[in-house]
Amino acid sequence: MKKLKNFILLLAGLCFTVSCQDDFLDRQATNAIPEEDVFEDPALMQLFVNNMYADVPSFDFGLYDNITDESRCYWGGGPLNVVQGQWFADNNPMEYWAYAAIRKANMFLEKIEDAPVEEEEKAVLKGQVKFLRAMHYFKMVKRYGGVPVITEPQDLSDDLFVKRQSTDESFAFIVRELEEAAGLLPETYGDIAVDVGKANKYSAKAFLGRVYLFWASPLYNPEGDVTRWEKAAAINKEVMDAEVYDLHPSFRNIMLDKNNEEEIFSVQFLKPYREHGWDSWAMPDSRSKQSAVARSPLQEFVDAFEMKNGKAIDEPGSGYDPANPYANRDPRFDATLIVNGSTFGFQGLPVYMYVGAPIDGINLPYATITGYLMRKGTDESNKDYYGNAGSDQNWIELRYAEVLLNYAEARNEALAAPDQSVYDAVERIRERAGLNPFELPEGLSKAEMRETIRHERYIELAFEQKRYWDLRRWKTAVEKLHGKTFHAMYITRHDDGSYTYEAKPATQGPYVFQEKMYFMPIPQREIEKNPNLEQNLGW
């Protein structure tokens, strides 16, 4: 019975408490139940909402991490097309046009108004759906700018040729949705394992803090309206002051210790009912079971890690040794990366990626193309990985470290110079990382603190699908990416067992990021279907 219950829940991508009565568990799937029956049964309404959580994107093989200055992918495909600028209105690997999921939300919100359910329960269901609808709209707006805002389920008698709202109008709608959701949702469902996978008041507020941060950022705030930064700081501070969340003691185990105090909102997984391939994708080719080598970190990313003493590798007194480049680095270095000679996996064996190393040597077929692999979030005890399955870490869409960084960034931008609260937020993350000393230099200017915060996001949130969107919203993608040739580490092994290191250009050539790419093209098929949709400039 317990496994059957989990099966129903995890089809929805969510763990929560439901009745375990036989008559409920024996029901048909919701997509086979007449609509009118769903909205007569509170349990079926909740299950309908649960299925909507399954529409939230989570792990991918390597698209978003491999189109930044974090890593590259041996396999080419979509990531290579993005790096080389070969993406268009009719072929965009990053496309997200979520109106099918939004229509489900609109239909639910319409039908529930007359449903025979207690008002308190109705409010919670509505709050969850508004949260999810806001999330889908946000994922579109951060790509395209303004989009059509549709809040009712359309049928053929409606005007289907809806125009785009402006970017500001679209953001304002998302903000209202999340504010309303936070007002409807409970602070907790009584169990952290439920709270991390099911929207509550504080996850709605934390997500609102992210939305405000984007809306305040240069790409979406060309006039530099400082009140947006102030609002972003205030809502993130509200989440911090609630003391509902905290940093997990172990950076290495954030993804491994499920439903921990740092998770704010996660897409839930549980073998064998719902799985992904995170562990499989991280493997070197010598340990591949159909899929591997999804991320080859770039030398620029490797060099961005400070030394354990908090100094950059090129800073006087750092202690960096080019002949021993991986020693005494920020402890997040070993938790994030597999370097030549790293012990990795349940076998307890080293991975060798030097030039000419058998199977896993750099640029061999199906091997690393930079001399590095990714360790972050992998379960090294997992023996069951295979292809796109075998792993069940939660996809942590939003965690407390991001809230601290969101607050620090927004507060810094709202002030003439950073105050102590900005220092405190960043230093908490550096302290958890294990830097010694973890304190930042005193007297940083606003610009210096801005770069410090951006650096911390680069390291702390690596391989969490955050970097690409940061570079876009800061409007630094052209500067950081366009025309840049990124590097790999070519390691030569000598007869005495020593190594020498030489950074060389990585394969896949210079990056192409044109000014027009800050706003993605509306999908061409949608332009053709709706004559009132205006395409973004340059596409």
Side-chain angles (χ1 to χ4, degrees), residues 14 16 45-46 49-50 52-53 55-56 98 101-102 104-106 108-109 112-113 117-142 149 151 168-216 227-246 259 261-268 396-407 410-411:
L14 174 68
F16 75 108
M45 282 187 279
Q46 179 64 76
V49 174
N50 296 346
M52 293 173 64
Y53 282 92
D55 292 326
V56 178
I102 287 169
K104 285 192 286 187
N106 292 344
F108 183 91
L109 291 170
I112 197 175
E113 289 300 332
V117 61
E118 296 293 333
E119 288 302 314
E120 183 175 351
E121 187 172 1
K122 183 183 294 186
V124 173
L125 291 169
K126 289 171 62 177
Q128 292 178 72
V129 173
K130 283 181 170 289
F131 172 88
L132 292 168
R133 186 167 68 175
M135 181 174 286
H136 290 305
Y137 270 111
F138 175 69
K139 288 178 180 294
M140 289 195 293
V141 172
K142 73 179 183 180
V149 175
T151 58
D168 284 347
E169 289 169 338
S170 299
F171 267 113
F173 168 75
I174 296 166
V175 166
R176 290 194 302 272
E177 281 282 274
L178 290 169
E179 289 175 340
E180 290 174 14
L184 293 167
L185 291 166
E187 294 186 3
T188 178
Y189 296 98
D191 185 341
I192 190 173
V194 180
D195 287 336
V196 300
K198 188 175 180 179
N200 63 33
K201 180 183 295 291
Y202 290 110
S203 56
K205 286 180 177 291
F207 196 78
L208 176 59
R210 179 193 287 179
V211 170
Y212 264 127
L213 185 80
F214 270 69
W215 196 10
T227 64
R228 296 185 190 174
W229 290 115
E230 292 169 348
K231 290 176 181 177
I235 192 66
N236 282 290
K237 186 65 161 57
E238 189 175 336
V239 175
M240 293 160 58
D241 289 346
E243 298 184 346
V244 173
Y245 308 105
D246 202 355
N259 306 322
E261 66 272 41
E262 188 160 344
E263 288 185 58
I264 295 176
F265 180 73
S266 295
V267 179
Q268 300 276 298
I396 306 178
E397 172 61 30
L398 181 56
R399 60 186 176 95
Y400 188 57
E402 184 191 340
V403 171
L404 293 173
L405 289 167
N406 290 350
Y407 170 76
R411 180 68 174 165

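All residue numbers refer to positions in the sequence shown, counting from 1.
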So, Y212 versus F171, ring centres under 6.0 angstrom or not? no
Taking the six-membered ring for Trp, are Y137 and F173 closer than 6.0 Å centroid to centroid? yes
Worked verdict on I264 versus V196 for side chain to side chain contact (heavy atoms under 4.5 Å, CB included): CA-CA 5 Å; I264 295 176; V196 300; over 6 Å; no
Counting heavy atoms not belonging to K231, are there more than 12 under 6.0 Å from its NZ?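 Count not over threshold, so no.
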Mind checking whether [X] and [Y] have side chains closer than 4.5 Å, heavy atoms only?
X: E262; Y: D246; answer: no
X: W215; Y: D168; answer: yes
X: E187; Y: V244; answer: no
X: M135; Y: I174; answer: no
X: E230; Y: R411; answer: no
X: L184; Y: V124; answer: no

Between [X] and [Y], what is the shortest heavy-atom contact and its length?
X: F108; Y: M45; value: CE1-O, 3.8 Å
X: L185; Y: G127; value: CD2-C, 3.7 Å
X: V403; Y: A206; value: CG2-CB, 4.1 Å
X: A232; Y: G209; value: CB-O, 4.5 Å
X: M140; Y: A98; value: SD-N, 3.4 Å
X: S203; Y: L398; value: O-CD2, 4.4 Å

Residue list, side-chain hydrogen bond (donor to acceptor under 3.5 Å, both in side chains) with [X], at least two apart or on another chain:
X: S170; answer: none
X: E238; answer: K205
X: N236; answer: none
X: E120; answer: none

Atom [atom1] in [X], atom [atom2] in [Y]: separation rounded to 0.5 Å?
X: T151; Y: R176; atom1: OG1; atom2: CZ; answer: 9.5 Å
X: I102; Y: L109; atom1: CD1; atom2: CG; answer: 11.5 Å
X: L125; Y: K130; atom1: CG; atom2: NZ; answer: 13.0 Å

Please check if the side chain of Y53 supplies one atom and the backbone of A199 the other of a donor-acceptor pair under 3.5 Å.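 Yes, Y53 side chain to A199 backbone: donor-acceptor pair under 3.5 Å.
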Are the side chain of T188 and the backbone N or O of G190 linked by a donor-acceptor pair below 3.5 Å?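 A pair under 3.5 Å: yes.
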Give me each pair satisfying ring-ring contact (aromatic ring centres under 6.0 Å, His included) with a member in residues 184-204, each pair once, sequence neighbours excluded.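 Listed once each, the pairs would be none.
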Presence of salt bridge, [Y] and [X], under 4.0 angstrom:
X: K201; Y: D195; result: no
X: R399; Y: E402; result: no
X: K126; Y: E113; result: yes

Who passes side-chain contact (heavy atoms from CB on, under 4.5 Å) against K104, sequence neighbours left out? D55
Derivation of the side-chain hydrogen bond (donor to acceptor under 3.5 Å, both in side chains) call for E263 and Y400: CA-CA 7 Å; E263 288 185 58; Y400 188 57; over 6 Å; no
Report the C-alpha distance between E261 and Y245 in whole Å, list the side-chain angles of each, state the deciding distance to 0.1 Å, and finish with yes or no for side chain to side chain contact (heavy atoms under 4.5 Å, CB included). CA-CA 5 Å; E261 66 272 41; Y245 308 105; over 6 Å; no
Evaluate the criterion side chain to side chain contact (heavy atoms under 4.5 Å, CB included) for residue pair M52 and H136; output intermediate values, then yes/no. CA-CA 11 Å; M52 293 173 64; H136 290 305; over 6 Å; no
Trace of the side chain to side chain contact (heavy atoms under 4.5 Å, CB included) decision for F131 with N200: CA-CA 9 Å; F131 172 88; N200 63 33; over 6 Å; no
